[in-house]
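Structure first, commentary second.
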Amino acid sequence: MIKLLSSSQLVRSILWGAALWFFAALLLRYLGPLGIFDGFARVVLYALVIPGTIPFVWATPNVTGTDRSQLVLSLAAADAAALLLDGMAVAWLPILYGAERSLILGSAAVILWGAGIVLMLAFIMQGKQAS
């Protein structure tokens, strides 16, 4: 049975997603000019996102006040916040990601990838916990 998030858990999940998005946006802003979106570095970057998100997925229940059975719901709310902020940043504040179009698009794409990875990890981790 799915246990829904309380109002306070939902708010904490949304704030957690916003904080993680902001951290990722700033990290990508500073790493982008180093060439992380070019050639083989892009492959490495996308691969590193997978293990790089695991600590944040594990920390989610502690930060949001949820239990492991609510992991997918909590991270879905966090992801929704992050994706909404990513979309708004690309449309209205692209300089956050960098001065060049390639940096803006590269950063936004990595954040989209990361959001998908977070949800996949949440499903895997919650499924392992249930069995």
Side-chain angles (χ1 to χ4, degrees):
M1 180 140 164
I2 296 174
K3 183 177 170 187
L4 298 178
L5 301 177
S6 69
S7 296
S8 64
Q9 289 171 326
L10 179 60
V11 168
R12 285 192 298 260
S13 296
I14 290 168
L15 292 174
W16 178 234
L20 293 178
W21 164 80
F22 190 66
F23 170 75
L26 290 181
L27 181 65
L28 293 168
R29 165 129 174 99
Y30 291 106
L31 294 177
L34 301 176
I36 62 168
F37 303 125
D38 302 326
F40 187 69
R42 182 184 314 198
V43 174
V44 172
L45 172 64
Y46 274 66
L48 288 175
V49 166
I50 298 167
T53 57
I54 291 172
F56 299 107
V57 173
W58 281 340
T60 296
N62 294 330
V63 173
T64 62
T66 55
D67 59 48
R68 291 283 176 190
S69 70
Q70 297 171 301
L71 188 62
V72 170
L73 287 176
S74 182
L75 282 168
D79 255 9
L83 292 172
L84 288 168
L85 290 168
D86 187 47
M88 290 189 301
V90 170
W92 291 300
L93 193 62
I95 194 70
L96 177 67
Y97 293 138
E100 300 172 24
R101 182 181 172 103
S102 62
L103 297 176
I104 297 163
L105 295 176
S107 294
V110 170
I111 289 174
L112 288 171
W113 168 256
I117 293 298
V118 163
L119 280 179
M120 292 306 298
L121 288 172
F123 278 111
I124 291 166
M125 290 177 178
Q126 185 169 315
K128 285 185 178 186
Q129 181 265 342
S131 45

Walk me through it: do Val118 and Phe56 pass the test side-chain contact (heavy atoms from CB on, under 4.5 Å)?
-> CA-CA 9 Å; Val118 163; Phe56 299 107; over 6 Å; no
Check step by step if side-chain contact (heavy atoms from CB on, under 4.5 Å) holds for Leu71 and Trp58.
-> CA-CA 9 Å; Leu71 188 62; Trp58 281 340; over 6 Å; no
List the steps and the verdict of side-chain contact (heavy atoms from CB on, under 4.5 Å) for Phe37 and Leu28.
-> CA-CA 10 Å; Phe37 303 125; Leu28 293 168; 4.1 Å; yes
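In this structure the side chain of Met120 never reaches within 4.5 angstrom of the side chain of Ile50, judged on heavy atoms. The shortest distance between side-chain heavy atoms of Gln70 and Pro61 does not fall below 4.5 Å. Residues Tyr97 and Asp86 have side chains in contact (heavy-atom distance under 4.5 Å, counting atoms from C-beta outward).
By the rule that hydrophobic residues join a cluster once side-chain heavy atoms approach within less than 4.5 Å of another member, Leu75 and Val11 end up as members of separate clusters. Transitive grouping of hydrophobic side chains (ILVMFWY, heavy atoms separated by less than 4.5 Å) brings Leu96 and Val90 into a common cluster. If you chain together hydrophobic residues whose side chains sit under 4.5 Å apart, Val43 and Val110 never meet in one group. Under the 4.5 Å side-chain heavy-atom criterion for ILVMFWY residues, no single connected hydrophobic cluster contains both Met88 and Leu15. If you chain together hydrophobic residues whose side chains sit under 4.5 Å apart, Phe23 and Leu26 fall into the same group.
Of the possible polar contacts, one joining the Arg29 side chain to the Ile95 backbone as a donor-acceptor pair under 3.5 Å is found. Counting only distance, with no hydrogens or angles, the side chain of Trp113 and the backbone of Tyr46 share a donor-acceptor pair below 3.5 Å.
The minimum heavy-atom distance between Asp79 and Gly116, with the atom names listed, is OD2-N, 4.5 Å. Nearest heavy-atom pair across Ala115 and Leu83 is CB-CD2, 3.6 Å. Scanning both residues, Ile14 and Ala81, for their nearest heavy atoms gives O-CB, 3.5 Å. When all heavy atoms of Leu119 and Val72 are compared, the closest pair comes out as CD2-O, 4.5 Å. Here the closest heavy-atom approach between residue Ala77 and residue Ser13 is recorded as CB-CB, 3.9 Å. Pairing each heavy atom of Arg68 with each of Val57, the nearest pair is NH1-O, 4.3 Å.
Remark: Leu31 CG to Ser107 OG distance equals 9.0 Å, nearest 0.5 Å. Between the OG1 atom in Thr53 and the CG atom in Leu48 there is a gap of 11.0 Å [rounded to 0.5 Å]. Rounded to the nearest 0.5 Å, atoms CG (Leu105) and CG (Leu112) are 10.5 Å apart.
Put simply, the residue from Thr64, Thr66, Leu4, Asp67 that forms a side chain to side chain contact (heavy atoms under 4.5 Å, CB included) with Gln9 is Thr66.
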